[in-house]
Amino acid sequence: MPLDTPPNASPLVAGLNPEQAAAVTLPAEHALILAGAGSGKTRVLTTRIAWLLQTGQVGPGGVLAVTFTNKAAKEMVTRLSALLPVNVRGMWIGTFHGLCNRLLRAHHQLAGLPATFQILDTQDQLSAIKRLCKQFNVDDERFPPKQLQYFISGCKEDGMRARDVPARDEDTRKKVELYALYEEQCQREGVVDFGELMLRSYELLRDQDAIRAHYQRRFRHILIDEFQDTNKLQYAWIKLFSPPPMEGLDVQGNAVFAVGDDDQSIYAFRGARVGNMADFVREYRVPQKNQIKLEQNYRSVSNILDAANHLIGHNQRRLGKNLRTEAGAGELVRINESVSDFAEAQWIVDEIKALVREEVPRSEIAILYRSNAQSRVVETALFNAGLPYRVYGGLRFFERAEVKHALAYLRLIENPRDDTSFLRVLNFPPRGIGARSVEQLQDVARAAGCSLHDAVSAVTGRAGTAIAGFVAKVDVMRERSEGSNLKDIVELVLEHSGLVEHFRQEREGQERVENLEELVNAAESFVMQEGFGREAVALTQSPASQGLDLNAPVLDQPLAPDADTGETLSPLAAFLSHAALESGDNQAQAGQDAVQLMTVHAAKGLEFDCVFIGGLEEGLFPHENAMSDRDGLEEERRLMYVAITRARKRLYLSHSQTRLLHGQTRYNLKSRFFDELPEHCLKWLTPPQASGWGGMGSAGWGGHRAMGAPVPQPAWSPAWKATSAPPPEPDRGTPIKSGMAVFHNKFGEGKVLAVEGAGDDARAQVSFPRHGTKWLALSVAKLTPIE
DNA sequence: GTCTGCAAACTTTTT
DNA sequence: GTTTGCAGAC
């Protein structure tokens, strides 16, 4: 297609609204697309790539498209191939970490890594740190391994090596020292953690001028999804592919097309910097016309959208954006108050039953919650009601212990120096190598400064024989896997390691055996997908100026050989990367039509006809750990915004007066977010002003509460009996007033800062020296005035 | 070397 | 309440 064709003439742009079309057809300049929830963000991103290709502005090899999750990357590839018959294999579309892996594999020597380097997932990283701490006798009270892991990952996310970390106090100095030692250990063992993938490839591009120049020449268009979730290092990484214009110079480099939504930034807690969006506009001098807002929402009815807009309007730090829809008002947002979390769960189940009777597919119903701990009550209620459900989150396939054991053997075949894997399976299945023997081996390795594998021959005696036997076993596997296909290698390992045999004998081992068998399937389908074993066809590409020949056959090319180096990755090595970078599906109680349960974080990017958001209580949502500062609270509000905008047609919000948490009954006020929703969109199923303890004896396990009949001695559900404290009684004798000193059973002495509401709804803001400032319902919390 | 029992933690999470 | 990790007993 000639370049002078008017952009809108392209059939690609046909179904888009004006803003979307404008974004898709922007010239090759830096751009920031502010894409609201449900505004067709992925569509714009993929159509943009297709448009660039079709108009001949760039060839498939000149596109770099980055996402955060494998799911998003896959989706992009799928949609793109639906738009154009293009060889997506030759394109660099993937997650940050996936692309970093690709870079480091291609240039492993310059990056200072062995060709067979292995990737540590979060679990592996923690066990590597624990091992290190043990070796150096680190006091794990003072330096918990988890905290060190957090520290190290945090440093890497900020682009800092150990020598770059400013260490003011003794504690930090020690941590930095351990960071350096950890790095040494990883280097020696030929392993990299997730943060290292990013940092190492960043340094590679930064320090190797030739490589940087090569990729800068190659990638004319760089597209980034979910830009609001990028951390400091990821943004710096992007800058290496397209340096921002320099002062006084007005050279437009490779075009960076960033898509994001500051209102959906919910990952600050793990290092995401929303500020990158503003920095990007400034540093890349993104002109106003290239800052496009997508505000047309194609998902929700306007009552739901109004609620979302109104809520997020309470955030101060925003770029500013308002969603609109043509879908009509739709139903009101329903709000329910329950007396206990059990009652809440039961209410949800009752509503779902009604929805199912109205023929809403169960898979179109989602129950969202702030924290995983909330799922159990709901699960129990769903289970008792016989409603099929599916929980997202939890252990994923490649994270399961038995699968990790099998992977450890596979990794040792590739890289015998991988001590983490070595230790994982040295005595698993049990072969009589105890802690003493392991220590002996570790001592030798430490003294010699070599890997455990290389230290084996130096260990003598019975321990030495047993360990040598293990190494011999792995060596046999390595020899026999030479030239075999991946599936056979996996089967060989499962058999020869004795893993299958071991779990077969275990009482509860059936599922584990099945998972191991599933690993064989995973290997087989991986080979199919990646095209290993098939004839590799060289990519023929029509000159960019002529655009793509739409009739050309879609050519296939294995992922492995890298276009830049021609190096080939073995199927096993590629599979191991895949296993580490893509931990597989969450336990899918697969297939059938089931109600969807997940945290709000996990729901990002998904949508459902009907959505329940439970546990909307102060301390829970917003979560108490995030309530202290404004940034934390604003993130909670964005989280709520994400939750609301998941719903297409019907939204239920619910809160409970009490909740069993950590084995204790907690009394919660309803979330402040209720007060931030516009009244005209809401339908209170229970009167909003009602609270207190009336009638809950009969309602504790479900059913709606009889209103207005206070019961003098609240009978309580079994949950009550579990707690030692007596049922709180509203103290109507002494009124709590602002300025008063009070005593609370749990928080001790405090000072009342403010009192709000009246009667059963009255609540007081109390400042406790040890527990901070809290809002307490006077009908619930027992506050005794003190002189 | 393996099993049992108790203590401690516990927001959110992708790679 | 549940899971996970470590210590002590067998």
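Chain A is the first sequence line, chain B the second, and so forth, proteins listed ahead of strands; every chain is numbered from 1.
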Tell me the interatomic distance from [X], atom [atom1], to [N], atom [atom2], rounded to whole angstroms.
X: A:Q123; N: C:dT3; atom1: CD; atom2: C1'; value: 14 Å
X: A:Q149; N: B:dT14; atom1: CD; atom2: P; value: 15 Å
X: A:R370; N: B:dT12; atom1: CZ; atom2: P; value: 7 Å
X: A:H623; N: B:dT13; atom1: NE2; atom2: C1'; value: 14 Å
X: A:I119; N: B:dT15; atom1: CD1; atom2: P; value: 12 Å
X: A:N231; N: B:dT15; atom1: CG; atom2: C1'; value: 11 Å
X: A:L660; N: C:dT2; atom1: CG; atom2: P; value: 10 Å
X: A:F269; N: B:dT14; atom1: CZ; atom2: P; value: 9 Å

From the options B:dT2, B:dT12, B:dT13, select the nucleotide whose nearest atom is closest to the side chain of A:S371.
B:dT12
Residue pair A:N276 / A:Q234, side-chain heavy-atom distance below 4.5 Å
no
Close side-chain approach of A:V378 and A:Y389, heavy atoms under 4.5 Å:
no
Can you check the distance between C:dT4 and B:dT13, where both ends of the measurement are the P atom (answer in whole Å)?
16 Å
Quick check on B:dT15: is either OP1 or OP2 less than 4.0 Å from any side-chain nitrogen or oxygen of A:R396?
yes
Whichever of A:G98 and A:K146 has the more 5' nearest nucleotide on DNA chain B, that residue is A:K146
Tell me whether the side-chain N or O atoms of A:T122 pair up with the base of B:dT14 as donor and acceptor below 3.5 Å, since no angle test is needed here.
no
Does A:R317 pair with A:E634 as a salt bridge, N-O distance under 4.0 Å?
no
Does this structure show an ion pair linking A:E501 with A:R512, if we count only N-O contacts that are shorter than 4.0 Å?
no
If you look at every strand shown and take non-hydrogen atoms under 4.0 Å, does [X] touch a base, only sugar-phosphate, or nothing?
X: A:Y267; result: sugar-phosphate
X: A:N372; result: sugar-phosphate
X: A:N70; result: sugar-phosphate

Scan residues 597-604 of chain A against DNA chain B and write down, sorted by residue number, each residue with any heavy atom closer than 4.0 Å; if none is found, say none.
A:T599, A:H601
Stacking between B:dT15 and A:F68, yes or no? Criterion: centroid separation under 5.5 angstrom, plane angle under 30 degrees.
no
The criterion is side-chain contact (heavy atoms from CB on, under 4.5 Å); which residues satisfy it with A:E607, sequence neighbours excluded?
A:R299, A:R648
Supply the atom-to-atom distance A:K404 NZ to A:R424 CZ, rounded to the nearest 0.5 angstrom.
5.5 Å
If I take atom CG from residue A:N668 and atom CZ from residue A:R659, how far apart are they, to the nearest 0.5 angstrom?
7.0 Å
